[in-house]
Amino acid sequence: TGASDDIKRATDLAHRMVTEYGMSDKLGPRTFGNKQEMVFLGREISEQRDYGDKIADLIDEEVHSIIQEAYDTALDILRENKTRLVYIAKRLVAQETLEGNELESVFNEPVSTRRRKARKVKKEVVVPAPVAEKVKVKVKAGPKKVPGLVRQPKQAPA
């Protein structure tokens, strides 16, 4: 529910950026909609549309554009700092909490950007004879082995 609320708030803010604050490249510096507010209660009662369907579609496009740009920026920041985030996550798993100076030092510690190569473990796959027959594994004549495949001798049907 936390992520859902974040998306809702971001969408609401982007909508206000376009309709109230005039922060749209396509629509220019103007406001859209006439809001009736109860100032003494501090809340809106209703909003009267003073624009047509084409403008409403443009507002939707601009809101989507703002949200998408913010999402792409956040994703770029996360990708650029992935090694640092993984390092911090591992420290949190080990320690559970990081506060104050300790947290500050974790952000400033050098982190290795070198990726460890995964070790390849060779596993022999044993294929039962009935399965091998169905798959029709072709083996050329000679002692050549197929990597990862161990053929079993044919078994007589039961």
Side-chain angles (χ1 to χ4, degrees), residues 1-128 131-132 134-138 146-150:
T1 59
S4 153
D5 187 55
D6 291 345
I7 292 170
K8 182 180 179 195
R9 288 175 184 254
T11 304
D12 182 52
L13 179 59
H15 191 269
R16 283 187 284 140
M17 287 171 65
V18 173
T19 60
E20 292 180 32
Y21 310 141
M23 299 174 74
S24 168
D25 293 333
K26 287 183 184 176
L27 298 170
R30 68 163 278 200
T31 62
F32 298 92
N34 185 11
K35 293 186 181 190
Q36 303 295 321
E37 299 179 5
M38 295 182 75
V39 178
F40 60 92
L41 292 178
R43 61 180 181 172
E44 297 175 5
I45 295 178
S46 66
E47 179 180 352
Q48 191 175 20
R49 244 173 79 167
D50 61 354
Y51 50 87
D53 291 338
K54 288 182 183 179
I55 297 294
D57 290 341
L58 283 174
I59 289 171
D60 288 344
E61 286 176 21
E62 283 292 278
V63 168
H64 175 75
S65 174
I66 291 169
I67 295 293
Q68 191 62 49
E69 184 179 346
Y71 175 81
D72 292 341
T73 301
L75 206 55
D76 289 344
I77 291 169
L78 291 172
R79 284 183 180 141
E80 287 171 12
N81 295 291
K82 183 176 180 178
T83 53
R84 169 88 41 208
L85 293 170
V86 169
Y87 174 71
I88 292 170
K90 286 179 181 178
R91 288 283 303 264
L92 285 169
V93 167
Q95 282 183 247
E96 291 187 26
T97 59
L98 295 170
E99 296 178 4
N101 293 335
E102 191 176 20
L103 181 62
E104 187 70 31
S105 69
V106 169
F107 275 107
N108 294 323
E109 286 177 17
V111 177
S112 172
T113 57
R114 192 175 54 125
R115 293 183 124 193
R116 292 182 186 171
K117 290 184 180 178
R119 287 192 228 163
K120 292 184 179 179
V121 178
K122 291 185 179 181
K123 293 182 180 180
E124 289 190 18
V125 179
V126 178
V127 180
V131 174
K134 287 179 185 175
V135 175
K136 295 182 181 178
V137 177
K138 292 183 182 180
V146 176
L149 181 64
V150 176

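Every heavy atom of this structure was used, including side-chain atoms; hydrogens, water molecules and symmetry mates were not. These figures come from a predicted structure and were not determined experimentally.
In this structure, I7 CD1 and I67 CD1 are separated by 9.0 Å, a value rounded to the nearest 0.5 Å. Atom CG in L98 sits 6.0 Å away from atom CZ in R91 (nearest 0.5 Å). In this structure, T19 OG1 and Y51 OH are separated by 7.0 Å, a value rounded to the nearest 0.5 Å.
Here the closest heavy-atom approach between residue S24 and residue E62 is recorded as OG-OE1, 2.7 Å. In terms of heavy-atom proximity, V18 sits nearest to F32 at O-CD1, 3.8 Å. The shortest non-hydrogen separation linking T31 to E20 is CG2-O, 3.1 Å. Nearest heavy-atom pair across V106 and R84 is O-NH1, 2.8 Å.
Heavy atoms of other residues, nucleotides or ligands lying less than 6.0 angstrom from CD of Q95 number more than 12. Around atom CG of D53, no more than 12 heavy atoms belonging to other residues, nucleotides or ligands sit under 6.0 Å away. Enclosure of atom CZ in F107 is not indicated, since only 12 or fewer non-hydrogen atoms of other residues, nucleotides or ligands lie within 6.0 angstrom.
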Please set out all donor-acceptor pairs under 3.5 angstrom arising from side-chain atoms of residues 73-81, sequence neighbours excluded.
residue : atom : partner : partner atom : Å
T73     : OG1  : E69     : O            : 2.9
N81     : ND2  : I77     : O            : 2.8

* To do: Please lay out, stage by stage, how T11 and H15 fare under the test side-chain contact (heavy atoms from CB on, under 4.5 Å).
  => CA-CA 6 Å; T11 304; H15 191 269; 5.5 Å; no
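Taking the side chain as every heavy atom from C-beta outward, E109 and S105 approach each other to under 4.5 Å.
Residues that satisfy the side-chain hydrogen bond (donor to acceptor under 3.5 Å, both in side chains) test with D25, not counting sequence neighbours, are absent from this structure. Evaluation of the side-chain hydrogen bond (donor to acceptor under 3.5 Å, both in side chains) rule for R9 yields D5 as partners, not counting sequence neighbours. Under the rule for a salt bridge (charged side-chain N to carboxylate O under 4.0 Å, His left out), the partners of E61 that lie at least two apart in sequence or sit in another chain are K26. A search for salt bridge (charged side-chain N to carboxylate O under 4.0 Å, His left out) contacts involving D12 returns R16, not counting sequence neighbours. For E104, there are no salt bridge (charged side-chain N to carboxylate O under 4.0 Å, His left out) partners at least two apart in sequence or on another chain.
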